Amino acid sequence: NYLALLTALPFLIFAGAGTGCYWWVRHSSQTEVLRRYEETYNSAISPDNIELQETCLRALCNLQPGDYQYRMRLGQFLVKAGRKAEGLQQIAALAPDNLLGYPEARIWLVQQSLLPEPIQKLSKEQIEEQLKKAVEAAPDNNVAHELLAGYYIMTKELSLAEKHLGIASR
């Protein structure tokens, strides 16, 4: 009898812990759960805790699927962790061609494209399209207006550049 109980003990411990976690998630407010994941993530920011950071960011994405800031942070984290293709995929998914998407993702795609060694190079037309959509989605985003003004200066469309510089300076 004791041998059977001893054999079942790991399962019983696992089941008890699972039940406790389930109860905690069901009875905690969503805000409290998000806060705890945020705190855990923030306290884990170091090269030693890459897995914990990723786990927290993925949990935040799953808890708030409509809040694009978490998917953006996950994408940026993956890029920084050396998983550039996976991070780019996360961020690009926030900037679909047929929707306005998340303006910060569009700005990030443009900014990384302007780096000496971009993860994904964008054409001039793609840069303009990304920035126009970012401005349309977030008309008060000064960074988007500033980048779009720089694009128009580069293409010698000075009246458009002046318009966007004026908006950016407000």
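FYI, the numbering just counts along the sequence from 1. Every value quoted in this text rests on a predicted model; they were computed, and no experiment measured them.
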Query raised in the report: Between R36 and Y41, is NZ or CZ placed under 6.0 angstrom from the six-membered ring centre and within 45° of the ring axis?
Result: no

Could you tabulate the donor-acceptor pairs under 3.5 Å formed by side-chain atoms of residues 97-106, not counting sequence neighbours?
unit_1, atom_1, unit_2, atom_2, d
E104, OE2, N141, ND2, 3.1
R106, NE, L100, O, 2.7
R106, NH1, Q130, OE1, 2.6
R106, NH2, P96, O, 2.6
R106, NH2, L99, O, 2.7
R106, NH2, L100, O, 3.2

Query raised in the report: After noting the C-alpha distance and the side-chain angles of E146 and H164, does the key distance pass the side chain to side chain contact (heavy atoms under 4.5 Å, CB included) rule?
Result: CA-CA 7 Å; E146 187 179 319; H164 288 283; over 6 Å; no

Query raised in the report: Can you name the nearest heavy-atom pair linking A134 to I107, along with the distance?
Result: CB-CG1, 4.2 Å

**Report entry** Y151 side chain near K124 side chain, heavy-atom distance below 4.5 Å
**Finding:** yes

Requested in this report: Search all heavy atoms of Q53 against all heavy atoms of A44 and return the closest pair with its distance.
Outcome: NE2-O, 3.0 Å

Query raised in the report: Same cluster or not: are M72 and L34 linked, directly or through other Ile, Leu, Val, Met, Phe, Trp or Tyr residues, by side-chain heavy atoms under 4.5 angstrom apart?
Result: no

Requested in this report: Could you tell me the separation between the OG atom of S43 and the CG atom of N49, rounded to the nearest 0.5 Å?
Outcome: 7.5 Å

Query raised in the report: For the hydrophobic clusters of this structure (ILVMFWY residues joined by side-chain heavy atoms under 4.5 Å, transitively), does one cluster hold both I167 and L147?
Result: no

Report task. Look at atom CD of Q89 and say whether more than 12 heavy atoms of other residues, nucleotides or ligands are closer to it than 6.0 Å. Result -> no

Report task. Kindly work out whether a path of hydrophobic side-chain contacts (I/L/V/M/F/W/Y, heavy atoms less than 4.5 Å apart) joins L88 to L57. Result -> no

Query raised in the report: When hydrophobic residues are tied together by side-chain contacts of less than 4.5 Å, even through go-betweens, does V143 share a cluster with L109?
Result: yes

Requested in this report: Inspect the surroundings of NZ in K121 and state if more than 12 heavy atoms from other residues, nucleotides or ligands are less than 6.0 Å away.
Outcome: yes

Report task. Supply the atom-to-atom distance I119 CD1 to E117 CD, rounded to the nearest 0.5 angstrom. Result -> 11.0 Å

Query raised in the report: Got a second to check how far L115's CG is from Q111's CD, nearest 0.5 Å?
Result: 8.5 Å

Requested in this report: Would you name the heavy atoms of S123 and Q126 that are closest together and state the gap between them?
Outcome: N-OE1, 2.7 Å

Report summary line: Rounded to the nearest 0.5 angstrom, the CD-CG distance for E162 and L158 is 8.5 Å

Query raised in the report: Taking the side chain from Q120 and the backbone from S113, do they hold a donor-acceptor pair closer than 3.5 Å?
Result: no

Report task. Would you tell me whether Y70 and E38 have side-chain atoms, one donor and one acceptor, within less than 3.5 Å of each other? Result -> yes

Report task. Write down the atom of H145, the atom of P139, and the distance for their closest heavy-atom approach. Result -> NE2-O, 2.8 Å

Report summary line: Heavy-atom nearest pair, A144 first then V135, reads CB-CG2, 3.8 Å

Query raised in the report: Nearest 0.5 Å, what's the SG-CD distance between C61 and Q90?
Result: 6.5 Å

Query - Side-chain ion pair, E136 and K132, N-O less than 4.0 Å - result: no

**Report entry** Test: E54 and R83 ion pair at under 4.0 Å
**Finding:** yes

**Report entry** Stepwise side chain to side chain contact (heavy atoms under 4.5 Å, CB included) test for L114 and L122
**Finding:** CA-CA 8 Å; L114 299 174; L122 300 178; over 6 Å; no

Requested in this report: Check the pair K163, Y152 against side chain to side chain contact (heavy atoms under 4.5 Å, CB included), reporting the backbone distance first and the verdict last.
Outcome: CA-CA 10 Å; K163 172 187 164 190; Y152 287 135; over 6 Å; no

**Report entry** In one Ile/Leu/Val/Met/Phe/Trp/Tyr side-chain cluster, 4.5 Å: L74, V79
**Finding:** no

Query raised in the report: When rounded to the nearest 0.5 angstrom, what is the spacing between OG1 in T19 and CZ in F14?
Result: 10.0 Å

